[in-house]
Amino acid sequence: MAVMDVLRQIEEKWRKAWEEARIFEADPDPNRKKCMVTFPFSYMNGPLHVGHGFTATRVDAYVRFKRMQGYNVLFPWAWHWTGETIAGASERIKDGDEEFIHALRDIDGVSEENLKKFVDPTYMASYYTKVSRKAVKRMGFSIDWRREFHTTSLCPTFSKFIEWQCERLHEKGYIVQGTYPVVWCPRCESPTGDHDRQVGEGVAPEEYVLMKFKMGDAYLPAATFRPETIYGVTNMWIHPDADYVKAQVNGEQWVISEIAANKLEEQKRKIAIISKFKGREIIGKHFVSPLNNRKMLVLPGWFVSPSNATGVVYSVPAHAPFDWVALRDLQGKPELLKEFGIDADSVKKIQPISMIRVDGFGEHPAVEMVERMGVKDQYDLKAEEATKLLYKKEFHSGVLKDICGEHSGKMVSEMKESLIQDFKEKGFADSMHDLPQPVVCRCLTPCVVKILEDQWFLKYSDEAWKEKAKEALSKASVYPKSAIQWFLNIIDWLREWPCARKTGLGTPLPWSPGWIVETLTDSTVYMAFYTINKHIKQYDIKAAQLSHEVFDYLFYGRGDVKKVAEKSRVNRQVLESMRSEFLYWYPLDLRVSAKELVPNHLTFFLFHHAALFPKHLPKAIGVNGVLSIEGKKMSKSKGNFVTLRSALDQYGADATRCALLLGGEGMGDPDWRSENVRDVRVKLKGFYNLANGVIETAREKKVGHLEEWLISVLQHRIKNVTENMEVLKTRTATENALFEVWNDFRWYARRKGKTDSKVLKHALETWVRLLAPFAPYVCEEIWNKIESDDFVSLAEWPRYDEQKVNLRAEEAESLIKNVLEDTSNILRATKMVPKKICYYSAAPWKWKAYLTALKKSTSAKITLNDLMKELMTHSDLKEMAKKVSKFARQIVDEANQMPDDKRNRLVKIESVDEHQTLREAESFFEGEFNAKIYVYGEEDPQRHDPKKKAELARPYRPAIYIE
RNA sequence: GCGGGGGUGUCCGAGUUAGGUCAAAGGAGACAGGCUUAGGACCUGUUGGCGUAGGCCUGCGUGGGUUCAAGUCCCACCCCCCGCACCA
């Protein structure tokens with residue numbers, strides 16, 4: 001039968017068997033230690049892919065491992081429907097977005113019939129939930145499905161839980177109202193996030209400082225990021241052909257571009273247009289500096305963009321390359337000024353005013369920069385680059401010169417904020433938000449910045465809350481440890497987080513109609529809901545019954561059960577059982593996610609647990625890398641998107657699981673390569689065959705050296721896999737459980753020449769259990785053939801048994817490996833075809849000297865002198881002092897440099913019977929080298945030793961002679 | 001820019017916390033042999049270079065340094081990936 005068929009049948013068989021036996025359903029059991037592990041519910045706007053599979057398989061492997069260790073393990077599952085994306089996807093289908101529909105049809109495998117129904121977001125979500133649930137089951141994840149749910153008001157009982165959660169946060173002052181600038185689509189009437197943009201990904205609103213220069217009865221609010229340069233102003237730039245307005249802005253008259261006036265209306269300004277005109281109409285007029293009433297000219301600047309901030313720009317030619325080039329353009333071409341009726345001389349007279357000192361530049365950095373880079377004129381693209389470079393330089397290392405009044409002598413980078421503050425207080429400055437680059441919504445509408453009022457925020461800026469989150473973090477184990485610093489940085493960096501939106505699926509904010517709880521907010525403490533959802537479903541408890549009092553009782557033990565039961569009409573015993581179930585399972589023992597959730601979900605998870613469940617803080621957090629596909633980032637549009645289902649169809653569950661697990665651990669990004677997965681599949685089939693062979697042929701009861709060796713090394717594998725699993729090093733664990741053990745078996749077979757030992761079958765029992773968390777299906781099948789009665793999924797995890805460790809057997813085996821290697825090496829170097837190979841084991845006195853040296857070097861480095869002194873206290877050695885001293889010279893360095901654990905091991909086992917060990921391996925060596933093997937003691941008078949090799953023998957290093 | 005993670009042999013990928021067992025696990029690929037004969041199957045071995053005796057040389061991003069000894073420690077530099085907010 002083909003590989004796939006056998007494995008597929010096995011999978012089907014055991015998936016059903018597990019389901020029927022309900023072995024993954026977990027109920028509280030006070031006699032057993034519990035372990036609750038979760039995987040973040042995934043968003044159902046598409047099918048699960050192998051990226052989900054990677055993290056989830058790590059979770060399941062851990063869960064299975066813990067279950068086998070005897071823990072009462074709960075692994076629940078749920079689905080995330082909250083947010084705008086599903087609704088947005090439906091919208092795109094309604095609009096007939098071909099590219100999008102194509103992706104759903106070809107990658108997700110959605111039928112035409114279903115596609116039509118996708119215009120209903122609820123249908124879409126439930127469709128993907130159904131498909132994904134099937135894939136999750138096929139993967140062999142050991143889930144208690146009785147606790148399953150999905151989010152949003154479409155699951156009213158869960159919605160009630162979210163309401164409760166929000167109320168409690170609100171009460172504690174962690175949800176507050178505030179006002180914030182956002183990128184806004186006027187057509188969609190909602191904020192436009194990065195993913196919803198056609199143009200302008202990554203563009204965020206920036207706050208421009210507006211320096212207000214008086215011009216007649218109005219102000220020219222010039223927009224800048226560098227308000228400190230006001231000390232170097234020489235003139236104003238206005239685009240002559242752009243549309244400007246004079247407008248009443250919050251009680252003042254401003255001259256700004258018409259576009260700017262519209263923008264300001266979205267930013268909480270009261271705007272009344274007084275007049276409209278082209279820019280040229282104010283060119284040639286004078287304005288004054290707010291600092292000292294210095295009079296300056298408004299000049300034509302064609303580089304000015306009316307759609308950037310106010311469309312009014314002040315000129316600092318000493319420090320701004322654009323300003324200098326534009327001024328130079330006018331000075332060099334007086335004819336440009338004619339049409340504006342400006343006197344060319346007065347423009348010629350304008351000199352750059354130097355006001356920042358910066359290393360590497362003289363008086364006028366902008367002038368130098370323009371010359372260095374050869375910027376031709378204000379239309380030259382290099383002007384932009386020059387501006388950026390100089391800005392950076394002056395910001396980081398610039399110092400304000402004496403003409404800057406009270407700010408003189410200060411570093412630009414250090415005084416900027418306080419200067420803005422100061423100017424605003426004095427009424428010289430104002431500000432506005434704008435986008436540094438154009439942003440266009442997916443609906444093709446250009447976006448603006450809108451100041452949103454009365455939004456609801458999670459107050460992550462709260463210092464006390466941050467402290468609690470950090471404490472929660474410090475109490476949790478984090479795997480890998482290197483993620484801790486990242487979490488700490490994120491906790492510090494987090495500020496207000498908008499926690500409600502106007503559109504999309506979700507739970508309405510209970511106290512503020514029209515707002516819907518945002519997706520990251522409703523996914524912070526929902527794991528607590530798993531503990532009680534079993535009862536909610538079992539007893540058909542309705543949402544209306546789940547009042548805040550009920551949750552308060554369940555989670556906090558607040559109130560009188562009798563009254564709570566009466567009021568909610570939930571049976572009292574049920575309530576009590578829910579309460580104790582929560583107390584049993586919570587806190588969470590482990591939550592694992594990909595690292596992309598560190599800056600948001602996982603940190604929020606900590607914050608919210610610290611706020612709502614301070615007595616039930618998560619015990620551990622696992623973070624892993626993000627899976628790529630054939631070396632590239634997974635993406636539907638690029639076509640390299642692998643759904644879990646397609647992986648299962650092609651490779652089966654065990655291979656998919658193992659390939660994912662072997663892909664990586666820690667924060668490194670694993671890679672999915674179909675070639676690899678195929679190889680893993682073949683490997684697993686090989687394992688299956690090997691195991692069957694061992695089971696069928698086992699009959700030899702005799703336990704010899706090699707059997708002892710195998711059982712001994714197996715102990716190290718057990719220890720290794722166990723220790724790595726404890727810290728979620730799933731890759732290392734899988735690698736050891738699959739390949740390293742395999743190699744042990746292989747070496748055994750090679751040495752022994754046959755595989756009919758019962759010990760081998762016994763070792764297989766251990767091996768199968770070690771591998772079961774990773775490849776549960778095939779292991780279940782083999783286990784069944786060995787044991788027949790129980791599930792390997794419930795079998796006892798192998799225990800490291802120090803009694804079974806046989807260091808002497810291990811050293812003896814490593815001696816054989818070394819001799820094998822040395823012999824091969826000699827054969828390679830000499831290109832001989834051996835007829836006869838002689839091995840000479842080291843003489844007893846050498847062993848004695850060797851062990852003396854090792855023991856002596858345990859505590860401190862030894863010298864040749866010291867060693868000799870000690871050796872000479874033995875009369876037998878003293879008789880052969882010359883030989884001994886020659887030998888001692890050889891071993892003193894070896895003893896000193898030997899790693900401690902190896903030295904300890906050798907000291908502990910005293911010595912191996914080298915001669916005997918080699919004798920026993922004679923037939924093995926004969927088979928390997930196809931030559932006659934002779935084993936002698938180095939001082940054996942009968943030895944065949946024409947080249948006098950025997951005396952070279954050292955402990956663990958027999959001398960070799962080949963002919 | 002800020003923050004996090006990385007750069008290892010043909011490729012993937014351990015090892016770096018505690019320097020020596022490291023020419024460097026394991027897997028893949030390649031090569032050779034077996035099996036058997038067309039199957040991308042299975043088993044075994046080899047896989048940095050050199051070498052007529054178990055050795056030597058070169059090597060873990062680059063350049064320095066510490067040490068008897070460095071992939072592992074210190075300093076400087078270069079390069080790659082990821083996150084940076086109203087979005088799941």
Side-chain angles (χ1 to χ4, degrees), chain A residues 2-3 40 42-43 45 80 82-86 180 182-184 190-196 202 204 392 395-396 452 455 457 460 480-483 485-490 492-501 518-520 523 595-601 625-626 628 631 633 662-671 673 675-676 678-680 682-683 685-686 689-690 729 731-732 734-736 738-740 742-743 746 749-750 814 818-819 821-832 861 893 896-903 905 928 947 949 952 957-962:
Chain A
V3 175
S42 29
Y43 196 61
N45 64 329
H80 205 196
T82 312
E84 312 226 301
T85 313
I86 292 176
Y180 251 81
V182 295
V183 178
W184 181 262
S190 71
T192 310
D194 251 7
H195 302 279
D196 299 325
K392 220 191 244 177
F395 178 78
H396 287 109
L452 275 188
Q455 280 205 110
F457 291 94
Y460 293 136
K481 281 204 178 85
S482 55
Q485 190 52 47
W486 193 9
F487 274 109
L488 286 171
N489 293 340
I490 295 299
D492 281 334
W493 164 84
L494 231 38
R495 48 175 209 255
E496 272 71 22
W497 177 266
C499 63
R501 294 181 63 103
E518 172 272 348
T519 69
L520 282 164
S523 49
K595 62 184 178 187
E596 57 198 357
L597 297 188
V598 170
N600 43 66
H601 168 258
V626 179
S628 57
K633 195 174 170 170
L662 290 168
E665 65 193 4
M667 287 214 273
D669 296 332
D671 191 22
R673 286 169 189 255
E675 210 177 313
N676 265 344
R678 221 179 38 216
D679 293 333
V680 171
V682 168
K683 278 275 168 212
K685 182 69 198 303
N689 291 339
L690 185 153
K729 284 186 135 194
R731 184 202 140 91
T732 307
T734 311
E735 197 265 317
N736 272 277
L738 182 57
F739 297 121
E740 303 290 353
W742 199 322
N743 285 340
R746 204 177 273 150
R750 182 177 170 192
S814 102
N818 287 338
V819 171
E821 200 180 306
D822 282 349
T823 309
S824 310
N825 197 3
I826 294 168
L827 292 175
R828 203 177 318 123
T830 60
K831 300 188 176 68
M832 290 166 83
K861 302 258 181 223
D893 280 350
N896 279 333
Q897 286 171 23
M898 190 174 289
D900 288 342
D901 56 333
K902 178 163 187 181
R903 187 189 294 113
R905 209 160 58 227
E928 291 290 322
K947 287 272 171 72
K949 293 286 182 188
L952 297 173
R957 196 90 206 274
I960 302 170
Y961 168 69
I962 302 174

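The structure displayed is predicted, hence computed values, not measured ones.
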Please report the distance, rounded to the nearest Å, between [atom1] in [X] and [atom2] in [N].
{"X": "A:Asp901", "N": "B:G19", "atom1": "CG", "atom2": "P", "answer": "13 Å"}
{"X": "A:Leu494", "N": "B:C86", "atom1": "CG", "atom2": "C1'", "answer": "13 Å"}
{"X": "A:Lys683", "N": "B:G26", "atom1": "NZ", "atom2": "C1'", "answer": "10 Å"}
{"X": "A:Lys902", "N": "B:A18", "atom1": "NZ", "atom2": "C1'", "answer": "20 Å"}
{"X": "A:Glu665", "N": "B:G5", "atom1": "CD", "atom2": "C1'", "answer": "15 Å"}
{"X": "A:Glu518", "N": "B:A88", "atom1": "CD", "atom2": "P", "answer": "6 Å"}
{"X": "A:Leu738", "N": "B:A28", "atom1": "CG", "atom2": "C1'", "answer": "14 Å"}
{"X": "A:Leu662", "N": "B:A28", "atom1": "CG", "atom2": "C1'", "answer": "12 Å"}

Query raised in the report: Hey, does the side-chain of A:Asn676 have a donor or acceptor N/O within less than 3.5 Å of a partner on the base of B:G29?
Result: no
Query raised in the report: Is A:Asn489 side chain donor-acceptor paired with the B:G3 base, going by distance under 3.5 Å alone?
Result: no
Please pick, from [options], the nucleotide with the shortest atom-to-atom distance to any side-chain atom of [X].
{"X": "A:Ile826", "options": "B:A53, B:G26, B:G4", "value": "B:A53"}
{"X": "A:Asp679", "options": "B:G54, B:A25, B:A28", "value": "B:A28"}
{"X": "A:Tyr180", "options": "B:U21, B:C86, B:G26", "value": "B:C86"}
{"X": "A:Trp493", "options": "B:A85, B:G29, B:C86", "value": "B:A85"}
{"X": "A:Arg501", "options": "B:C86, B:G40, B:G26", "value": "B:C86"}
{"X": "A:Glu740", "options": "B:A25, B:A53, B:G3", "value": "B:A25"}
{"X": "A:Arg750", "options": "B:U44, B:G40, B:G54", "value": "B:U44"}
{"X": "A:Arg731", "options": "B:A41, B:G13, B:G4", "value": "B:G13"}

Is the phosphate of [N] approached by [X] (side-chain N or O, under 4.0 Å from OP1 or OP2)?
{"X": "A:Arg828", "N": "B:C50", "result": "no"}
{"X": "A:Lys947", "N": "B:U52", "result": "no"}
{"X": "A:Arg495", "N": "B:A85", "result": "no"}
{"X": "A:Thr519", "N": "B:A88", "result": "yes"}
{"X": "A:Lys595", "N": "B:C81", "result": "no"}

**Report entry** Atom of A:Met898, atom of A:Arg903 and distance for their closest heavy-atom approach
**Finding:** O-NH2, 3.0 Å
Query raised in the report: Do you know the tightest heavy-atom contact between A:Val626 and A:Asp669?
Result: N-OD1, 2.8 Å
Applying the Watson-Crick and G-U wobble criteria at under 3.5 Å, what pairs with [N]? Answer none if nothing qualifies.
{"N": "B:A25", "value": "none"}
{"N": "B:C2", "value": "B:G83"}
{"N": "B:A69", "value": "none"}
{"N": "B:A14", "value": "none"}
{"N": "B:A30", "value": "B:U46"}

Could you check whether [X] gets within reach of a base, just the sugar-phosphate, or nothing at all, counting any heavy atom under 4.0 Å?
{"X": "A:Thr732", "result": "nothing"}
{"X": "A:Glu928", "result": "nothing"}
{"X": "A:Pro958", "result": "base"}
{"X": "A:Ala959", "result": "base"}
{"X": "A:Arg957", "result": "base"}
{"X": "A:Ile962", "result": "base"}
{"X": "A:Glu596", "result": "nothing"}
{"X": "A:Glu84", "result": "sugar-phosphate"}
{"X": "A:Asn600", "result": "base"}
{"X": "A:Pro599", "result": "sugar-phosphate"}
{"X": "A:Ser523", "result": "nothing"}
{"X": "A:Leu827", "result": "nothing"}

Could you tell me how far [M] sits from [N] if I compare only their [atom1] atoms? Round to whole Å.
{"N": "B:A24", "M": "B:U47", "atom1": "C1'", "result": "15 Å"}
{"N": "B:C74", "M": "B:G20", "atom1": "P", "result": "15 Å"}
{"N": "B:U44", "M": "B:G64", "atom1": "C1'", "result": "47 Å"}

Report task. Over 60° means perpendicular and under 30° means parallel, so classify the ring planes of A:His80 and A:Tyr43, tilted if in between. Result -> perpendicular
Query raised in the report: Is the cationic atom of A:Lys683 (NZ for Lys, CZ for Arg) positioned less than 6.0 Å from the six-membered ring centroid of A:Trp742 and within 45 degrees of its normal?
Result: yes
Requested in this report: Starting from the 5' end of RNA chain B, give me the residue, A:Thr85 or A:Arg746, whose nearest nucleotide shows up first.
Outcome: A:Arg746
**Report entry** RNA chain B: 5'-proximal contact among A:Leu597 and A:Trp486 (nearest heavy atom)
**Finding:** A:Trp486
Query raised in the report: Stacking check: are the rings of A:Trp742 and B:G26 less than 5.5 Å apart at their centres and under 30 degrees in tilt?
Result: no
